[in-house]
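Read the structure below first, then the notes.
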Amino acid sequence: MLQSYNIAVIPGDGTGPEVVAEGIKALEAISNKCNVNFNFKEYGLGGEQYLKDGTLLPDDTLEELRSMDAIFLGAIGHPKVQPGILETQILLRMRFELDLYINLRPVLLFPGIETPLKDKKPQDIDFIVVRENTEGVYTGGGGFLKKGTPDEIAIQESINTRKGVERCIRYAFEYCKKRNKDRHLTLCAKNNVLVYESDLWVRVFDEVSKEYPEINTGYQHVDALCMWMIKNPEQFDVIVTGNMFGDIITDIGAIIQGGLGIAAGGNINPEGTAMFEPIGGSAPKYEGKDIINPMAAISAAQMMLEHLGEKKPALILQEAIKKVLKNDLISLEAGKMGMGTKEVGDLVAKYIDLSPSTAE
Ligand code: IPM
Ligand code: MN
């Protein structure tokens, strides 16, 4: 039977629309090859829209997004809009309102890609970060007292609920079990200083771990983990962590897997919808030049297929991505790829067409 999916597309700002177009090109090639169909519906959210008429994320749009099978996002962020407005009112609002409580960020070095880590090979850099995505300092709690005076006080609160921590940790254990690689889950926190929030994470982690005797567990303070991600990334299989630490360590993850040109992520509500995105941002200086690398967006599309349970199509797309990275791209950096944005997408589509697999 033909599987059909409703996909919301939010191209967004800067180079977002250019990379999203290539992601859609890949999905359309998949659709021609496999028994799967996508109905794309585009939403003009982002900085341009906001500057034009003040629209950020209207409630009715949010309701529509809720009913979609998945959301494909380019980038949100505009140089003419003060930092914080678009990010909190569009991106974070989607994460909160749709309860996309897992931010899944694979760190995978593909063959043929250069990593800044000396002597590290693809088999050494292959892990995944499960980042809590709706709590911690991202909830925006806090405030100023005596703002702008010498006695000013700024408070930024970190909210960690038992329910929020537990569902994230459970997801990570399940993910680690299904991934079935090293069956090793590392908790990243800072319980030598954050004696309340990290204590909760550690207690819940230890408790849930009893239900998963087949998973080996470890604990690392976030600062040490940053160091080990550089020195011995091969020790990691799955890492679970809170929102802020997850944000920081996944930028290290992005650079060791070859940079923002390739790094993708999924914002997932396991019981609802999910949003997939390249994690590199809007890169306005490259906008409209056909030089941005679309591979992160194409990888996000690949994660989306996996999430939708389309195993074979996901595999075919992954093989195509690997081929382009190995055979065609000189570099992952914008303007240095040896070809334009659209050509990269064309090659991915070509490898999909030529794929020997005939997927159902
Ligand atoms: C990310 C980004 C966002 C975050 C910003 C844009 C709000 O850095 O997705 O990692 O901090 O989560
Ligand atoms: Mn980030």
Side-chain angles (χ1 to χ4, degrees), residues 10-16 19-20 23 45-50 56-57 65 70-108 127-142 156-160 164 168 188 222 225-226 229 239-269 273-285 287 292 296-297 299-301 303-304 307:
I10 306 174
D13 299 316
T15 52
V19 297
V20 156
L45 305 174
E48 289 301 330
Q49 173 104 301
Y50 174 66
L56 286 158
L57 176 57
L65 294 177
I71 304 164
F72 187 34
L73 176 85
I76 297 288
H78 196 291
K80 292 201 184 117
V81 182
Q82 183 197 330
I85 297 176
L86 302 171
E87 292 85 346
T88 59
Q89 298 304 309
I90 302 181
L91 191 64
L92 297 188
R93 182 145 180 255
M94 275 196 289
R95 288 181 185 169
F96 292 132
E97 297 272 357
L98 303 176
D99 205 17
L100 309 175
Y101 65 84
I102 297 297
N103 195 326
L104 200 59
R105 297 193 163 174
V107 179
L108 179 61
F127 61 94
I128 188 143
V129 178
V130 177
R131 165 187 173 189
E132 201 292 320
N133 212 28
T134 55
E135 297 198 341
V137 289
Y138 279 74
T139 47
Q156 194 84 49
E157 290 167 342
S158 180
I159 309 286
N160 292 259
C168 177
C188 164
V222 61
L225 183 128
C226 289
M229 273 175 79
I239 298 171
V240 63
T241 190
N243 210 342
M244 186 79 254
F245 293 159
D247 179 45
I248 297 166
I249 68 171
T250 54
D251 266 26
I252 300 181
I255 202 68
I256 66 174
Q257 73 176 128
L260 294 174
I262 185 72
N267 297 257
I268 297 170
N269 176 338
T273 191
M275 176 172 84
F276 297 87
E277 57 176 352
I279 70 175
S282 59
K285 66 179 174 186
E287 182 181 347
I292 190 76
S299 298
M303 286 184 77
M304 188 166 90
H307 176 77

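Ligands are counted one by one from 1 in listed order, and the atoms in each one are counted from 1 as well. All figures in this text were calculated on a predicted structure; none of them were measured in a lab.
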Does the ring center of H78 lie less than 6.0 Å from the ring center of Y50?
no

- prompt: Does an N or O anywhere in R105 fall below 3.5 Å from an N or O of ligand 1?
  reply: yes

Closer than 2.8 Å to the Mn ion (ligand 2), do we get an N, O or S atom from D247, backbone or side chain? yes

Report yes if the side chains of L225 and F245 come closer than 4.5 Å at any heavy-atom pair, otherwise no. no

Contact check, M244 vs ligand 1, heavy-atom distance below 4.0 Å
no

If you scan protein heavy atoms around atom 5 (C) of ligand 1, the nearest is L91 CD2, 4.3 Å

The atoms of ligand 1 lying under 4.0 Å from a heavy atom of Y138, numbered in the order shown, are 4 (C), 11 (O), 12 (O)

| said: I'd like to know if the side chain of E87 reaches the main chain of G84, judged simply by a donor and an acceptor atom lying under 3.5 Å from each other, with no hydrogens or angles considered. | reply: yes

Check your understanding: Below 4.0 Å from any atom of ligand 1, is there a heavy atom belonging to I279?
Key -> no

Residue, atom and distance of the protein heavy atom nearest atom 10 (O) of ligand 1 read D247 OD1, 2.9 Å

| query | Is there a side-chain contact between E97 and L65 (heavy atoms, below 4.5 Å)? | reply | no

One finds that the ligand 1 atoms under 4.0 Å from a non-hydrogen atom of R95 are 1 (C), 4 (C), 9 (O), 12 (O)

Examine distances only and state if a side-chain atom of T15 and a backbone atom of S282 form a donor-acceptor pair shorter than 3.5 Å. yes

| query | Would N269 and D99 count as having a side-chain donor-acceptor pair, cut-off 3.5 Å? | reply | no

